[in-house]
Amino acid sequence: EDAIENEEPVEIEIVTEETIVDDEPIEQDFYGNLAEDMDDGDLGVIASDLMGDYENDRASREEWAHTYTQGLDLLGVKFQERTRPFRGASSVTHPLLAEAVTQFSSTAFKEMMPSDGPVRTRVVGKESVEVYQQSQRVKEFMNYNLTQVMEEYTPELDQMLFYLPLSGSTFKKVYYDAQLGRAVSKFVPAEDLVVPYTASDLDSCERVTHVVKLSENDVRKKQVAGFYRDIDITPSSPDTPTYSTGNIKDAINNLEGLQPTGESETVSILEFHVNLDLIGYEDKRDDEETGIKLPYIVTLEESSGKVLSIRRNYDEDDSLFKKKQYFVHYKFLPGLGFYGFGLIHLIGGLSRTATQALRQLIDAGTLANLPAGFKTRGLRIADNDEPLQPGEFRDVDAPSGAIREGLMPLPYKEPSQTLFGLLGFVVDAGQRFAQIADMQVGDANQGAPVGTTIALLERGSRIMSSIHKRMYYAMQTEFKLLANVIQTYLPDEYPYAVVGGDRSIKQSDFDERV
């Protein structure tokens with residue numbers, strides 16, 4: 001102010017800042033979440049269409065689900081009080097189905113998971129010392145991963161082998177888990193993987209829906225990490241049925257004696273592996289839209305129907321837009337369509353018949369031991385509502401003087417020998433089919449040649465061997481997917497320790513030669 005009043009010159013320093021304007025759009029990650037940049041209206045249309053397709057797909061397999069649900073009761077793991085045909089009637093369940101499932105699960109688990117690991121390798125093409133050593137490194141490293149690093153693999157394989165003979169179909173999902181920082185192979189029950197009724201296999205299926213149950217905290221972790229959109233998520237209430245809560249889940253919870261209580265912290269996620277023609281991401285040839293649908297993975301929150309993520313499901317350098325597969329289908333028997341046949345479908349009727357015959361035999365014995373009948377009005381018996389105990393004599397007022405004239409027991413019969421023989425026939429038929437009738441070698445002809453005995457043993461295990469071979473094919477597919485995941489995320493060289501020494505594996509070892 002003094003300088004202005006004295007009319008002295010003032011030095012003014014002018015500072016200029018250089019501003020750079022970039023008109024080029026920010027390049028988006030090819031594998032990023034496309035839903036972050038899409039309009040809410042377009043996302044709503046996608047969600048509505050996919051939810052409608054999912055409801056139709058679930059409705060198309062209701063008959064399969066009903067058969068599976070009814071068959072779960074034949075395991076007999078839950079005791080129930082029966083009041084028909086009379087109070088206290090037998091509720092025993094014949095263990096035909098449970099025995100067949102348990103024996104198959106035990107045999108298959110020992111067959112599919114040896115102590116040194118399940119992976120074996122073969123060299124494709126001309127074999128050399130270098131390629132052979134490479135195949136051994138791949139074999140050792142994958143077995144090390146499956147038995148030491150992937151802690152969930154062995155128990156989930158064991159659980160899958162119990163589900164497989166029941167439902168006829170089970171699935172494995174192989175992918176890279178960013179939170180764990182490694183590859184995983186998760187067991188997916190058949191009820192949690194929904195496909196259209198026209199599907200014949202996973203590779204040609206136009207839409208696969210995986211129902212995933214996540215805790216609210218895990219969903220929040222994925223949102224913070226940028227994997228899902230940061231939107232409000234409300235856990236599904238246990239009293240509010242959702243599309244994924246079907247009769248199968250209710251039947252399994254009923255068998256286990258579980259029921260929802262309190263507030264739920266579980267979020268139901270629908271993961272769609274589907275082909276779409278997304279607005280703004282259309283396939284173009286010579287700057288013209290072709291209308292071809294491309295593979296995407298769309299994730300929805302089920303209760304609200306909000307889109308959490310949309311990601312491309314093909315490689316960036318793939319001009320054919322081939323869908324990347326994450327699921328492997330294990331089948332007990334091939335079946336007539338997409339889903340395989342299990343023991344519930346094949347011997348469920350025999351198991352139900354055996355259960356009914358066994359209950360009738362026990363009930364007949366109960367009624368024969370404690371018969372009921374009619375008595376005249378004038379005949380009075382003290383405490384007639386209480387059953388007679390052994391060694392007890394009860395007071396009776398008989399006006400006619402003869403108790404026999406006032407009582408008429410119903411003509412109950414002893415358990416029928418014909419019914420007992422029928423029960424044995426039904427059980428033998430079910431055991432022969434399920435191959436759970438062990439051949440007693442000691443009971444065979446002691447003078448028979450060794451070759452004859454071995455031939456009989458091989459003939460008895462032929463059906464089981466064919467089922468194991470079918471499972472080996474699915475397991476080979478699973479290990480190929482796992483090797484691709486390991487190759488993608490493995491560093492150039494990875495050292496690891498095994499029992500007896502140190503090893504190392506190279507990323508280049510996972511190529512087409514092994």
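Here the structure is a predicted model, which is why all the values come from computation and not from measurement.
Identified under the salt bridge (Lys or Arg N to Asp or Glu O under 4.0 Å) test for residues 271-284, with sequence neighbours left out: Lys173-Glu271, Asp283-Arg285. Under the side-chain hydrogen bond (donor to acceptor under 3.5 Å, both in side chains) criterion, the residue pairs touching residues 143-158 are Glu152-Arg182, with sequence neighbours excluded. Residue pairs that meet the side-chain hydrogen bond (donor to acceptor under 3.5 Å, both in side chains) test with at least one member in residues 491-507, sequence neighbours left out, are Glu140-Arg503. Each side-chain hydrogen bond (donor to acceptor under 3.5 Å, both in side chains) pair with one or both residues in residues 122-133, not counting sequence neighbours, would appear here, but there are none.
Under the side-chain hydrogen bond (donor to acceptor under 3.5 Å, both in side chains) criterion, Asp201 pairs with Ser204, sequence neighbours left out. Residues passing the salt bridge (Lys or Arg N to Asp or Glu O under 4.0 Å) test with Asp230, sequence neighbours excluded: Arg220. Annotation: side-chain hydrogen bond (donor to acceptor under 3.5 Å, both in side chains) contacts of Arg137 (sequence neighbours excluded): Asp509. Residues satisfying the side-chain hydrogen bond (donor to acceptor under 3.5 Å, both in side chains) test with Thr299, not counting sequence neighbours, are Ser309. A search for side-chain contact (heavy atoms from CB on, under 4.5 Å) contacts involving Asp39 returns Asp42, not counting sequence neighbours. Remark: Lys322 engages no residue in a salt bridge (Lys or Arg N to Asp or Glu O under 4.0 Å) (not counting sequence neighbours).
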Without placing hydrogens or testing angles, list every side-chain donor-acceptor pair under 3.5 Å for residues 59-67, not counting sequence neighbours.
from, atom 1, to, atom 2, distance (Å)
Ser60, OG, Asp57, O, 2.6
Arg61, NH1, Ala190, O, 3.0
Arg61, NH1, Leu193, O, 3.2
Arg61, NH1, Tyr339, OH, 2.9
Arg61, NH2, Glu191, O, 2.8
Thr67, OG1, Glu63, O, 3.1

Can I get a per-line list of side-chain donor-acceptor pairs under 3.5 Å for residues 105-114, giving both atom names and the distance, sequence neighbours left out?
from, atom 1, to, atom 2, distance (Å)
Ser106, OG, Thr102, O, 2.9
Thr107, OG1, Gln103, O, 2.9
Glu111, OE2, Tyr472, OH, 3.0

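Rounding to the nearest 0.5 Å places NZ of Lys323 at 13.0 Å from CG of Leu294.
Looking only at atom types and distance, the side chain of Glu478 has a donor-acceptor partner in the side chain of Tyr330 under 3.5 Å away.
For Ser135 against Thr121, the heavy-atom pair with the smallest separation is O-OG1, 3.2 Å.
Taking the six-membered ring for Trp and the full ring otherwise, Phe171 and His210 have centroids separated by 6.0 Å or more.
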